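Because the structure is a prediction, the values reported are computed rather than measured.
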Amino acid sequence: MPGPVNPFPLDIPTKIDSWDKLALLQYIDPSLKLTADEINKMVQALEYLNNNIVTGGYAGNVPLKLKPVIVDHGAAGTTAEKVKNALNAGANYPLSDGYTQWLYTNRMVLTNGTGISSTPGGPQYAVITEYFYLRKKIPLSGGVASLGVGGTEIAVSDLVPLPPIDTRNFAPQEFALGNIGSNTIHGAVSLGTDRSTPNTATIVFTATQDGVEKAWLYEGEQENVGSSFPAVTAGDFRLFPADGSGADPTPPTVTFEPIVTLNTGTTINLGWIFGNECNMLSANSNSAFTLTNIKPGGEATVLINRATEPTVTGATKIAGHTFQASTDMHLKVKCRQTGIVQYYFLKLT
């Protein structure tokens, strides 16, 4: 049974209402009539959808076609740029109406551990397959939509990269180089055995240099290193435990005790869940307080003493002890959760 016929382009001429039709329709409710302007808008909308809207990357029940693209992975540029260039310069490729078009390219790279090898004990390789979805609406030319020579040229923005399939081993890897004498680490790696160094894996090189055992973290962008690949540089490695800028920063000290603020003034800091002890040596006599650095769980205690009850902007007063004039009391403030800050007064005796 033949499939549905593509009706586009519609080739429906623009409609015009005659004066006598307009005169007859002017007293009819708009919900009961269809004017030429409304028909023209519907035709324009259908043509717009046909010319601009394509099926999304998720195919669902829409059939798709996969086309392999042969590219030079050693050339400059991103994989998408290489796919675009290869398609535009390649043989004419007709697109199938009613299908989503996916493109893919394969490349083989070294891998650590078990991979693909052509000889027993030889180098192990993995395959990286990168997929792209063609989202550009390709116009018909002579009844056919096509890419390549004689077809429509595409741009990188017309290709949507999809999640790749990468069969490499991404486990943390340590490469022991042995004794490299006075050689530099980048020199030893560049002249050494070919190795896989994926950007998303932790790669460490160890060696004895000038009689000292050392370790370096590989931070370069090359995903394969060794004598068969471009040389790496000193900037691709970081010596443990320090780099050229000096010692690693000291980890921050974590305290499980409240901080002490000698005089909080009129601003109370609510940034510590273990508390902020304020004015404990000299009572605060301010009439109003504001809050800063508010964090859920943050709390503060202020020793106060004044003639009238102070206020706390941004907080809600809850039940506590009755305020006592000209008497040392604690003003307790706490952020229960984001947007909920409460305070109350506490007698000392």
Side-chain angles (χ1 to χ4, degrees), residues 69 71-85 104-117 121-132 156-157 159-254:
V69 182
V71 302
D72 179 7
H73 289 288
T78 64
T79 304
E81 291 171 331
K82 298 170 188 176
V83 170
K84 179 263 295 184
N85 293 336
Y104 71 94
T105 181
N106 289 320
R107 59 189 173 104
M108 294 189 70
V109 295
L110 286 171
T111 188
N112 303 315
T114 304
I116 304 170
S117 180
Q124 301 290 312
Y125 294 92
V127 178
I128 300 176
T129 305
E130 295 180 77
Y131 295 92
F132 299 89
V156 171
S157 58
L159 300 175
V160 179
L162 302 171
I165 295 177
D166 191 339
T167 63
R168 285 179 296 178
N169 176 18
F170 290 95
Q173 189 75 29
E174 179 180 323
F175 296 119
L177 304 185
N179 191 342
I180 63 173
S182 60
N183 196 359
T184 62
I185 183 62
H186 57 280
V189 171
S190 296
L191 298 175
T193 303
D194 292 343
R195 295 180 170 93
S196 174
T197 52
N199 288 338
T200 54
T202 300
I203 305 295
V204 175
F205 288 87
T206 60
T208 301
Q209 185 184 58
D210 292 326
V212 180
E213 293 185 3
K214 298 180 181 180
W216 294 263
L217 174 68
Y218 177 70
E219 297 183 316
E221 294 184 359
Q222 285 184 209
E223 299 202 298
N224 295 285
V225 298
S227 59
S228 301
F229 302 97
V232 290
T233 67
D236 294 327
F237 298 87
R238 180 174 183 272
L239 177 64
F240 289 119
D243 56 20
S245 63
D248 285 348
T250 302
T253 301
V254 179

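Taking CG of L191 as the start and CD1 of I180 as the end, the distance is 11.0 Å to the nearest 0.5 Å. Once rounded to the nearest 0.5 Å, the distance linking CZ of R195 with CG of N224 reads 12.0 Å.
Under the side-chain contact (heavy atoms from CB on, under 4.5 Å) criterion, V156 pairs with A80, E81, K84, not counting sequence neighbours. With sequence neighbours excluded, the residues forming a salt bridge (Lys or Arg N to Asp or Glu O under 4.0 Å) with D166 are R168, listed by chain and number. Scanning for side-chain contact (heavy atoms from CB on, under 4.5 Å) contacts around S227 gives D194, with sequence neighbours left out. For the side-chain hydrogen bond (donor to acceptor under 3.5 Å, both in side chains) test, residues two or more places apart in sequence or in another chain that qualify with T129 are N106. Applying the side-chain contact (heavy atoms from CB on, under 4.5 Å) rule to T79 yields the partners V83, T105, E130, F132; only residues at least two apart in sequence or on another chain are considered. The side-chain contact (heavy atoms from CB on, under 4.5 Å) check on N85 picks up nothing, with sequence neighbours excluded.
The minimum heavy-atom distance between I203 and S196, with the atom names listed, is CD1-O, 4.2 Å. Scanning all heavy atoms of the two residues, the minimum distance from E174 to T206 falls at OE2-CG2, 3.4 Å.
Counting heavy atoms from C-beta on, the side chains of T111 and T167 never come closer than 4.5 Å. Put simply, the side chain of I185 reaches to within 4.5 Å of the side chain of L177, judged on heavy atoms.
Under the 3.5 Å distance criterion, the side-chain polar atoms of S190 are matched with a main-chain donor or acceptor of V232.
Residue pairs meeting the ring pair (Phe, Tyr, Trp, His ring centres under 6.0 Å) criterion with at least one partner in residues 176-214, sequence neighbours excluded, are F175-F205, F205-F237. Contacts classified as side-chain hydrogen bond (donor to acceptor under 3.5 Å, both in side chains) and involving residues 208-219 (residues at least two apart or in different chains) are given here: Q209-K214.
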Given Y125 and V109, is the side chain to side chain contact (heavy atoms under 4.5 Å, CB included) satisfied, shown in steps?
CA-CA 5 Å; Y125 294 92; V109 295; 6.0 Å; no
